[in-house]
Amino acid sequence: MKASVVSTDSSDSSTAGEFLATEIRRSLSTPPAALVLFAAPQHDHGAILSAIKKELPDTIIVGASSAGEFTNVSSGQGLACALGLVGDDVVFSHSVGRNLAMDATAAAQEIVSRFTPTPPGRFPFRAALVLADALAGHADILVDQLTLATAGQYQFFGGGAGDNAQFQKTTVFCGEEVLSDAAVALEILSSKPIGVGVSHGWKPASRAYRVTASDGMKVISLDGFPAIEAFVEHAEETHQNLDRKEPLPFFLHNIIGVDSGAEHRLRVPLAVDEEGAVVCAAEVPVGSVVRIMKTSTASAVSAAKQAANAALDALGGPPAAALFFDCVATRLRMGDEFGLELSSLQERFSEVPLTGCNTHGQIARAEGQFSGFHNCTAVVCVFPE
């Protein structure tokens with residue numbers, strides 16, 4: 001497989017799209033078979049996609065709005081980044097699942113219905129990049145149902161579309177379409193393994209609580225008491241400041257870990273309602289055991305390195321390109337120190353095209369790793385040469 005990564009800080013969306021397409025084609029010496037686009041929310045996404053399609057009419061295009069964009073050599077908010085992929089040892093297709101908020105199971109089945117039913121024998125390794133409108137919710141159900149619908153034959157990686165943590169409107173791209181309440185997938189059939197690594201670096205910092213009532217993304221009560229009381233108690237015990245009217249600064253450093261056995265699946269609290277329920281970035285099931293979690297800059301940097309190493313180990317050969325996703329909450333919590341996490345990846349893949357973005361949640365399901373839809377988690381995917 002051959003790959004190229006290009007980014008632009010042009011604020012003119014048509015110009016940005018034309019630049020990305022022409023530079024990738026020039027770098028690869030051929031039009032890419034597939035192109036993955038991450039574009040900041042201030043872009044006119046329809047215009048950028050049209051410009052790319054005009055230059056690359058036969059290329060499969062998928063992507064999402066983002067909450068911070070990066071490559072080997074660039075990073076910021078307001079960029080557009082693209083990864084182009086081509087090769088004789090890989091086959092791509094794309095699909096869309098709509099009405100995610102109403103029926104995530106049906107959306108997953110719609111996506112899988114466009115996958116290759118019986119891949120040719122020389123492409124035994126199956127994976128898919130999945131990008132979802134996280135504001136539609138149910139991304140965890142989507143990933144579970146994708147796994148069931150494919151009988152566990154596929155690795156999944158990706159994330160929730162972003163809008164720089166405004167939580168107003170997030171979109172995914174397929175061809176020239178800009179979609180909300182949907183998920184898109186890039187199916188990848190390869191003759192060689194694709195590596196996926198996952199790590200978050202958070203540790204339990206509180207006692208265990210049982211979720212006694214929840215409604216979608218809202219945790220109503222823990223151990224029978226309004227959910228916020230557990231956070232108030234934890235703030236007092238750890239000498240932190242929790243402002244119930246402006247809780248996000250506290251929440252970014254004190255997130256929820258859902259006990260899933262060997263690991264904790266993370267959920268970011270965002271707000272508190274008048275009854276003391278805590279609104280999160282993803283669902284927290286009734287009956288689950290949760291803890292308030294803690295981390296550090298060093299742990300976040302280490303987690304990104306661990307995810308990269310796990311992906312490279314799973315690849316078992318030289319990489320052609322890498323994708324990196326981490327949570328917008330991680331960037332907001334770390335501030336300028338997020339650059340330390342990013343630079344550790346840029347150094348690890350200094351000779352390999354690397355791109356990615358901050359997402360509203362991360363998707364990772366790969367063999368031997370904890371699975372599903374995550375928050376505040378580093379996900380790295382590497383493609384084989």
Side-chain angles (χ1 to χ4, degrees), residues 134 137 139-141 143-144 160 198-244 247-273 275-304 306-307 326-330 332-334 341 360-365 369-379:
D140 51 347
I141 298 172
V143 182
D144 288 344
V198 190
S199 187
H200 60 61
W202 290 75
K203 297 178 180 178
S206 77
R207 65 179 178 88
Y209 298 89
R210 178 77 63 179
V211 179
T212 42
S214 70
D215 179 14
M217 299 190 199
K218 184 183 291 187
V219 181
I220 298 169
S221 66
L222 296 172
D223 290 351
F225 295 95
I228 189 59
E229 292 190 14
F231 289 92
V232 170
E233 176 186 40
H234 185 68
E236 291 173 352
E237 289 177 353
T238 55
H239 309 292
Q240 298 181 74
N241 180 50
L242 169 54
D243 182 346
R244 289 178 64 147
L248 194 57
F250 174 84
F251 282 155
L252 288 173
H253 294 270
N254 299 271
I255 68 175
I256 292 173
V258 182
D259 193 334
S260 57
E263 271 285 358
H264 284 80
R265 191 183 296 191
L266 305 181
R267 296 291 180 256
V268 178
L270 299 172
V272 185
D273 73 9
E275 283 75 43
V278 174
V279 180
C280 296
E283 292 84 353
V284 180
V286 173
S288 57
V289 174
V290 302
R291 294 171 176 83
I292 299 171
M293 310 287 284
K294 66 179 180 179
T295 192
S296 64
T297 296
S299 294
V301 173
S302 177
Q306 287 176 22
D326 205 343
C327 205
V328 65
T330 302
L332 293 175
R333 184 188 77 251
M334 295 179 74
E341 179 179 339
H360 291 184
Q362 299 75 53
I363 290 169
R365 175 152 283 171
Q369 297 167 342
F370 68 105
S371 54
F373 183 70
H374 312 272
N375 295 156
C376 289
T377 297
V379 174

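Throughout, numbering of the chain's residues begins at 1 and tracks the sequence. No hydrogens, no waters, no symmetry mates; every other heavy atom, side chains included, goes into these values.
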ask   = Which distance, rounded to the nearest 0.5 Å, do you find between the CG of N241 and the CD of E236?
value = 11.0 Å

query = Do I256 and P269 have side chains that get closer than 4.5 Å, going by heavy atoms?
reply = yes

Would you list the atom pairs, donor with acceptor, under 3.5 Å between side chains in residues 220-230 and any protein atom, with sequence neighbours excluded?
| from | atom 1 | to | atom 2 | distance (Å) |
| --- | --- | --- | --- | --- |
| S221 | OG | T212 | OG1 | 2.6 |
| S221 | OG | A213 | N | 3.2 |
| D223 | OD1 | R210 | N | 2.9 |
| D223 | OD2 | R207 | NH1 | 3.1 |

message = So does T377 get a backbone contact from the side chain of Q362, meaning a donor-acceptor N/O pair under 3.5 Å?
response =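 Yes, Q362 side chain to T377 backbone: donor-acceptor pair under 3.5 Å.
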
ask   = P204 versus M293: any side-chain heavy-atom pair under 4.5 Å?
value = yes

key: Result of checking R265, Q306, E263, H264 against H200 for side-chain hydrogen bond (donor to acceptor under 3.5 Å, both in side chains)   =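 Between H200 and the candidates, side-chain hydrogen bond (donor to acceptor under 3.5 Å, both in side chains) is satisfied uniquely by E263.
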
task = For A378 and A307, work out which heavy atoms get closest and say how close.
result = O-CB, 3.7 Å

message = Looking at S299 and T297, would you say the former's side chain and the latter's main chain have a donor-acceptor pair under 3.5 Å?
response = no

ask   = Can you check whether D259 reaches S288 side chain to side chain, under 4.5 Å on heavy atoms?
value =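 A side-chain contact is absent here, since even the closest heavy-atom pair is not under 4.5 Å.
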
L266 CG to C280 SG distance, which is reported to the nearest 0.5 Å = 11.5 Å

request  = Quick one: pull up NZ in K203 and OG in S296 and give me the separation to the nearest 0.5 Å.
outcome  =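 One finds 7.5 Å between NZ of K203 and OG of S296.
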
request  = Return the set of residues passing ring-ring contact (aromatic ring centres under 6.0 Å, His included) with Y209 (not counting sequence neighbours), or none when no residue passes.
outcome  = none

ask   = So, R267 side chain and A281 main chain: donor-acceptor pair closer than 3.5 Å or not?
value =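 Checked: no pair found.
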
request  = Measure the spacing between CZ of R333 and CZ of F251 and express it to the nearest 0.5 Å.
outcome  =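 Taking CZ in R333 and CZ in F251, the distance rounds to 15.0 Å.
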
ask   = Closest heavy-atom contact between R244 and G276?
value =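 Nearest pair, atom of R244 first, then G276: NH2-CA, 4.0 Å.
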
ask   = What are the two closest non-hydrogen atoms of A300 and M334, and how far apart are they?
value =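 Closest pair (atom of A300, atom of M334, distance): CB-SD, 3.8 Å.
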
query = For P285 and S214, which heavy atoms make the closest approach, and how far apart are they?
reply =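 Distance-wise, the nearest heavy atoms are C-OG, 3.9 Å.
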
key: T238 side chain to H234 backbone, donor-acceptor under 3.5 Å   = yes

query = Between atom CD of E283 and atom CG of D215, what is the distance when rounded to the nearest 0.5 Å?
reply =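 Between E283 CD and D215 CG, I get 10.0 Å after rounding to 0.5 Å.
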
key: Where G361 and C327 come nearest, the two heavy atoms and their spacing   = N-SG, 4.2 Å

key: Heavy-atom closest pair, residues V272 and P247   = CG2-CG, 4.0 Å

request  = Drop me the distance from I255's CD1 to W202's CH2, to the nearest 0.5 angstrom.
outcome  =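 Those atoms lie 4.0 Å apart.
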
query = Within a strict 4.5 Å, meaning less than it, do heavy atoms of the I363 and V379 side chains meet?
reply = no

